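Here is the structure we will look at.
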Amino acid sequence: MNAMTSNIKNLFRLKTVPVDENQNQLPTTETVNIEETEESRKRTYHESGYRDGTRNSGNHTALSICLDAIYSKFQNEEKQLVEKQSKLKEPYLNEQKNKETEIKGLTVSLDNKEEKLNNIGEDIKNVQDKIEGLKFEINDLPRNPEAYSVNATKGASTKFWIGLILLIPISLYLFTFYISTSYSAFFKSFDANGNIIQSVLDAQAFNKAWDEGPLEGAFVTLIPFVFLGLGYLIHMFGENKSFGNYAKIALLFIITFVFDAILAYEIESKLYELNKTFESLPFDLKIAFTKNQFWGIIFAGFIVYIIWGLVFDFVMKEHKEKDKIKNEQIRRQKDILIHQERILDFEKEKEEVRNSIGSIKELIAKAKGRIEELQNIIDGVIIPTKDYKLYASEYMQGWITFMSEKLAVSQSVKQEMIEECKKQYNYNLNKVGANSDSQNSVYMSVL
């Protein structure tokens, strides 16, 4: 047995192969020894099968036990073939090295991905800080516009609302005054028993005008808008500082004053006619200029109109200042929306990187697991089951040779016994994996 094992070891020693002058490989003693040793090994298994078959009279149950013993013997022989084991393990060593190299590459990639993940986190934090800063600026802009290089009046929003609150009652006063005075000047019949206030300011002027007809009603209803329109034009001309615009403003004030004077003249004329005597002179501008009521009507409308115009101009200017701040706030609000979209993009990218990190870790875990499997193979013994099938078939041939030549039973019984032995043989091959096309070796740990 020791001599046979020594011969098997010699099969796989590497030696220099001589060649002839034409570079053709020449038969060597090593090649001849390998072939001789293989033939000797086959013959040994064949003889063992013949001998064991003789001892057990070809019994198929005994064959099953013998085949298990033969497989154990084959394993022990393969364990002794160090050089053959090294050659068989070489692909697994190479795969292990490749897996280790793969892990190094994956580790570098993992480090890069984790660094990228940290950078994305920093980017998100920076953008969030910018959003918080913009929110603070939006709230602080009305109080400190100059701090953000915004050329707007501080507190413009407060001044605007105060001006607007004052403008509303002044506008209502002008509506009331011009509706009443226009009706009194052009349509009302004065009563001699009435006082000056009742004659000029009629609380029912609006209703009375519409009762008299749609033309009268429309006239007294729309005439206040004429004065408001004149005030708006004064504001618009005042925005652009030029001599022409100043001249237009002066003309608008003159027109307003003249219209108020006409209203006052018509009302004063009707009052004069109610109270004149035979000695009274015909009413004219000279007489009108001497009447307090004439000037009172003019200034009750014209002075308030000027006040309305100044307040309106102030409100519009403050609104413009307020718009500057509002526009800056809107611009910052848009920047916030843009930054929020950036955060969404970062979060999406962050999720992709996390998934990539998970995939890389999974690949590393699989590679480490495979390295561990390969290490178990390398630390163990590789049993080439295809080779075992070769020698097991020689053993089976020896067993059947005995049955065919020496077993003293009828031919039918002999054939039945041979079939049972074949079944045991195939069962043994299947059990050790020698019949599998995809499994050429089984792996055994070293004890």
Side-chain angles (χ1 to χ4, degrees), residues 1-12 30-85 87-89 377 380-447:
M1 178 68 180
N2 291 333
M4 177 180 153
T5 303
S6 177
N7 290 334
I8 294 173
K9 288 182 179 179
N10 291 333
L11 287 177
F12 299 96
E30 181 68 18
T31 304
V32 173
N33 287 339
I34 291 173
E35 293 176 354
E36 290 178 353
T37 304
E38 287 180 350
E39 291 299 323
S40 175
R41 193 178 182 188
K42 289 179 182 178
R43 187 166 55 253
T44 300
Y45 275 86
H46 185 90
E47 292 173 353
S48 296
Y50 188 90
R51 184 175 59 252
D52 292 342
T54 302
R55 292 173 179 173
N56 295 284
S57 300
N59 183 271
H60 66 275
T61 303
L63 175 63
S64 175
I65 299 172
C66 291
L67 285 173
D68 289 339
I70 287 296
Y71 183 68
S72 297
K73 173 186 174 182
F74 178 78
Q75 286 180 328
N76 290 329
E77 290 174 353
E78 291 296 322
K79 291 177 184 178
Q80 304 302 319
L81 303 176
V82 177
E83 292 183 9
K84 181 179 180 182
Q85 286 293 313
K87 187 175 180 64
L88 290 173
K89 292 176 182 179
I377 295 172
V381 177
I382 299 176
I383 306 301
T385 53
K386 293 300 182 183
D387 290 353
Y388 167 72
K389 185 176 182 179
L390 174 66
Y391 297 113
S393 65
E394 290 292 336
Y395 180 86
M396 189 64 185
Q397 288 175 18
W399 187 285
I400 293 175
T401 298
F402 158 75
M403 295 177 69
S404 299
E405 295 178 353
K406 303 293 183 178
L407 190 63
V409 293
S410 65
Q411 188 63 32
S412 60
V413 173
K414 183 184 296 185
Q415 188 61 38
E416 183 178 347
M417 292 179 65
I418 291 174
E419 292 298 325
E420 289 294 330
C421 289
K422 286 182 179 179
K423 289 180 181 179
Q424 289 296 333
Y425 169 71
N426 288 323
Y427 172 77
N428 177 263
L429 292 181
N430 290 328
K431 183 169 69 174
V432 301
N435 274 339
S436 175
D437 293 334
S438 59
Q439 180 70 38
N440 293 323
S441 302
V442 296
Y443 313 106
M444 296 178 58
S445 299
V446 176
L447 299 178

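Note that the structure is predicted; figures quoted are calculated from it, not measured.
In this structure, the side chains of L63 and N56 stay at 4.5 Å or more apart for every pair of heavy atoms. A heavy-atom distance below 4.5 Å is found between the side chains of Q415 and E419. Residues I70 and Y391 fail the side-chain proximity criterion, which asks for heavy atoms closer than 4.5 Å. Using a 4.5 Å cut-off on side-chain heavy atoms (C-beta onward), K89 and I382 make contact. In this structure, the side chains of L429 and S393 stay at 4.5 Å or more apart for every pair of heavy atoms.
A donor and an acceptor atom, one from each side chain of R41 and T44, are nowhere located under 3.5 Å apart.
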Worked check of side chain to side chain donor-acceptor pair (under 3.5 Å) between R51 and S48: CA-CA 5 Å; R51 184 175 59 252; S48 296; 3.3 Å; yes

Pair D52-F402, side-chain contact (heavy atoms from CB on, under 4.5 Å): steps then yes or no: CA-CA 9 Å; D52 292 342; F402 158 75; over 6 Å; no

Stepwise side-chain contact (heavy atoms from CB on, under 4.5 Å) check, T61 with Q424: CA-CA 8 Å; T61 303; Q424 289 296 333; 6.0 Å; no

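Looking at every heavy atom in both residues, C66 comes nearest to Y395 through CB-OH, 3.1 Å. Between K79 and V381, the shortest heavy-atom contact is CG-CG1, 3.7 Å. When all heavy atoms are compared, the tightest approach of K42 to L390 is CE-CD2, 3.6 Å. What you find for M403 and C421 is that their closest heavy atoms are SD-SG, 3.8 Å. Closest approach of L67 and Y388 over heavy atoms only: O-OH, 3.6 Å. Considering all non-hydrogen atoms of both residues, S57 and L407 come closest at O-CD1, 3.7 Å.
For K73 and Y45, the positive end sits near the middle of the six-membered ring, less than 6.0 Å away and at most 45° from its axis.
Listed by chain and number, the residues in a side-chain contact (heavy atoms from CB on, under 4.5 Å) with E420 are H60, K423 (sequence neighbours excluded).
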